Colleague: 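This is the structure I want to talk about, given as structure tokens.
Remember, predicted model here, so these are calculated numbers, not experimental data.
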Amino acid sequence: MAVVTRFAPSPTGFLHIGGARTALFNWLYAKHFDGEFLLRIEDTDRKRSTPEAIDAILDGLRWLELDWDRDAYFQSQRAERHAAAAHSLLEQGRAYRCYCTPEELAEMREAAKREGRSMRYDGCWRDRDPSEAPEGVDPVIRLKAPLDGETVIDDQVQGPVRVENSQLDDMILLRSDGTPTYMLSVVVDDHDMGVTHVIRGDDHLTNAARQTQLFLALDWTPPVFGHIPLIHGADGQKLSKRHGALGIDAYQEMGYLPAALRNYLLRLGWSHGDEEIIPTEKAVAWFDLDAVGKSPSRIDFDKLESVNQHYLREADTETLVELLLSRLGTGDDAADTVRARLAAGLGSLTERAKNLNELAEMARFYAQAPSYPLENAKAAKLLNDDGVAHLTDFAAALQPLDGWGEAELEQAARDFVAARDIGLGKLAQPLRAALTGSNASPGIFEVLHILGKEEALTRLSAVPGAGQ
RNA sequence: GUCCCCUUCGUCUAGUGGCCUAGGACGCCGGCCUCUCACGCCGGAAACAGGGGUUCGACUCCCCUAGGGGACGCCA
């Protein structure tokens, strides 16, 4: 039987990092077994579901390059089918009408809590005659779940998990307004969609037991479950808005590459020996549930950055240039010149940057000449009297040069400092400040070369006090 | 409160009874390289939560304790 996995987010918010990893694992599992990866939007909570959230989730998945098979399913469109399943259970005597009011239920929970019992519905309408039904109360439909014995989930990540049936109450299938609950919808949809493997956060572990009961009541075979541990914030606490529970678009804005984020997320909770850099092809080849860890992990931006830098170095130049251009916000006028400079300078720039934003800042001088006074205090200090004097003389020495290759430029600089008996740094640092506006940059001869003779000499003469 | 799950360096993890004087990666510290910043290279500090068993031998198996997480909705 072909493997079918699914990612089933509820569109009540953006796609966060935990959801992204769940989607990734489902995607990888399907790819590994040459199966299908489906997407189902669980929008049955009309009050909280928004079209914006649906778009954010879809965009997030697309950005991460996690493509889904078939068309996306929308749970809200299948409510009739869900209700039908509940009614058939009712006819078979496997479900019943319950007339308890929300108030009574709340009272029940209070009492249970007081007496130290587990807080669950006591099943008082389970065998009660419908003729006793109170007037004017719309009943809910509950599953007539087994009273004793146990439900066992052979979880592919957590191992066998046994839950006493006495711990599970008769779950509501249909609300008093006739709409299906999450439990019912999930089970019916997973069955109808042919889902064979349910991979999701372990906050659903106890749901798996209830859902198994439902599958069995419907005479369906439950899917294989794999409950992956949750991701926590850097402080070990549950993910919240303050740390890490950001939308996937935030990671995009922070300058991470999709391939890098996938690699990082993959290693959170999953491993393959000592492998760290795992491109998607290898991930597909290696991924399986047995290598997923059981304990929750924390998000670590340092590591993410490091992985990102790796992918930055390997990224296609053209792609990177476009990504940078949009971040530099430069006009179109000089676009071709800037593109060429960026393409030439990218190689050594990616050795220095950990994300696209840093990269853009480091590359900025290829698009714009420094403006005075220099913002960078250390750089400004390099342009003191001595520094400017050296620059002026060196510019004069450069003027008659025919070639502008790195080697020639370096030779000229070495001859220059040797003649004056000064260290190379005495010349290189002021040069750097004048050319890039900064005290840190790629090798100065590379910068000189990429900028070109005309632009370089223009920048040198633009230094305040130069040429006297 | 009840039930379920988890626990190896700061973080992500390798480890499936002897290969472990516990390995790797990120981060951190030191050094080398050097026109700056990086990269790279070399070296370093850093962990089996605690206590009982089982065993010739436990990071690995069992029990207890502690800590962490999750679930207990007519939310998903």
Colleague: Specify the residue among A:P180 and A:E164 whose closest nucleotide of RNA chain B lies further upstream toward the 5′ end.
Modeller: A:E164
Colleague: Does a distance-only test, which skips hydrogens and angles, find a donor-acceptor pair under 3.5 Å between the side chain of A:T206 and the base of B:rC3?
Modeller: no
Colleague: Can you confirm if the aromatic rings of A:Y29 and A:H197 lie within a centre distance of less than 6.0 Å?
Modeller: yes
Colleague: Hunt down the Watson-Crick or G-U wobble partner of B:rU36, both distances under 3.5 Å, from any strand shown, or write none.
Modeller: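 Here B:rU36 is not engaged in any pair, so there is no nucleotide opposite it.
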Colleague: Indicate the ring-plane relationship of A:F287 and A:F25, choosing parallel, tilted or perpendicular according to the 30° and 60° boundaries.
Modeller: tilted
Colleague: Cationic tip of A:R142 within the cone over A:Y121's six-membered ring, i.e. under 6.0 Å and within 45° of the normal?
Modeller: yes
Colleague: Rounded to the nearest angstrom, tell me the gap between atom CG in A:D302 and atom C1' in B:rC9.
Modeller: 16 Å
Colleague: Do A:L105 and A:M108 have side chains that get closer than 4.5 Å, going by heavy atoms?
Modeller: yes
Colleague: Less than 6.0 angstrom separating the ring centers of A:F14 and A:H16, yes or no?
Modeller: no
Colleague: Treating primed atoms plus P, OP1 and OP2 as sugar-phosphate and everything else as base, which nucleotides of nucleotides 31-39 of chain B get B, S or - for protein heavy atoms under 4.0 Å?
Modeller: ----BBBBS
Colleague: Work out how far the P atom of B:rC28 is from that of B:rC39, and round it to whole angstrom.
Modeller: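 The same atom, P, in both gives a distance of 10 Å.
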Colleague: Let me know the distance between CD1 of A:I172 and C1' of B:rA76, rounded to the nearest Å.
Modeller: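 A:I172 atom CD1 is separated from B:rA76 atom C1' by 14 Å.
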Colleague: Across the strands shown, which category fits A:H227 at heavy-atom distances under 4.0 angstrom: base, sugar-phosphate, nothing?
Modeller: nothing
Colleague: Rounded to the Å, how far apart are A:Q167 CD and B:rC4 C1'?
Modeller: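 For the pair A:Q167 CD and B:rC4 C1', the rounded distance is 10 Å.
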Colleague: Are any protein N/O atoms closer than 3.5 Å to N/O atoms in nucleotides 12-15 of chain B? If there are, list each pair with its distance.
Modeller:
unit_1	atom_1	unit_2	atom_2	d
B:rC12	OP1	A:R298	N	3.0
B:rC12	O2'	A:R267	O	2.8
B:rU13	OP1	A:G269	N	2.3
B:rU13	O3'	A:S271	OG	3.1
B:rA14	OP1	A:S271	OG	2.7

Colleague: Looking only at the side chains, is there a donor atom on one of A:N357 and A:R327 sitting less than 3.5 Å from an acceptor on the other?
Modeller: yes
Colleague: Identify whether any heavy atom of A:C100 sits under 4.0 Å from a base atom; if not, whether one sits that close to sugar-phosphate; answer base, sugar-phosphate or nothing.
Modeller: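 Counting heavy atoms under 4.0 Å across all strands, the contact made by A:C100 includes a base.
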Colleague: May I ask you to verify if any side-chain N or O of A:T181 is less than 4.0 angstrom from the OP1 or OP2 atom of B:rC74?
Modeller: no
Colleague: Looking across every strand, which nucleic acid part, if any, lies under 4.0 Å from A:L431 by heavy atom: base, sugar-phosphate, or nothing?
Modeller: nothing
Colleague: Would you mind classifying the nucleic acid contact of A:V161 as base, sugar-phosphate or nothing, using non-hydrogen atoms under 4.0 angstrom?
Modeller: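 Sugar-phosphate contact only - A:V161 comes under 4.0 Å of backbone atoms but never of a base.
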Colleague: Between the side chains of A:R78 and A:E80, is the shortest nitrogen-to-carboxylate-oxygen separation below 4.0 Å, so that they form an ion pair?
Modeller: no
Colleague: Between A:H390 and A:D393, does a side-chain hydrogen bond (donor to acceptor under 3.5 Å, both in side chains) hold up when you go through it step by step?
Modeller: CA-CA 5 Å; A:H390 289 144; A:D393 294 350; over 6 Å; no
Colleague: Roughly, in whole Å, what's the span from CE in A:M108 to P in B:rC74?
Modeller: 11 Å
Colleague: Hey, does A:T151 have a side-chain heavy atom less than 4.5 Å from the side chain of A:L216?
Modeller: no
Colleague: What does A:N207 touch in the nucleic acid at a heavy-atom separation under 4.0 angstrom: a base, only the sugar-phosphate, or nothing?
Modeller: base
Colleague: How close or far is atom P of B:rA76 from atom CZ of A:F14, stated in whole angstroms?
Modeller: 20 Å
Colleague: Using whole Å, report how far CD1 of A:I54 lies from C1' of B:rA76.
Modeller: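 To the nearest whole Å, that distance equals 14 Å.
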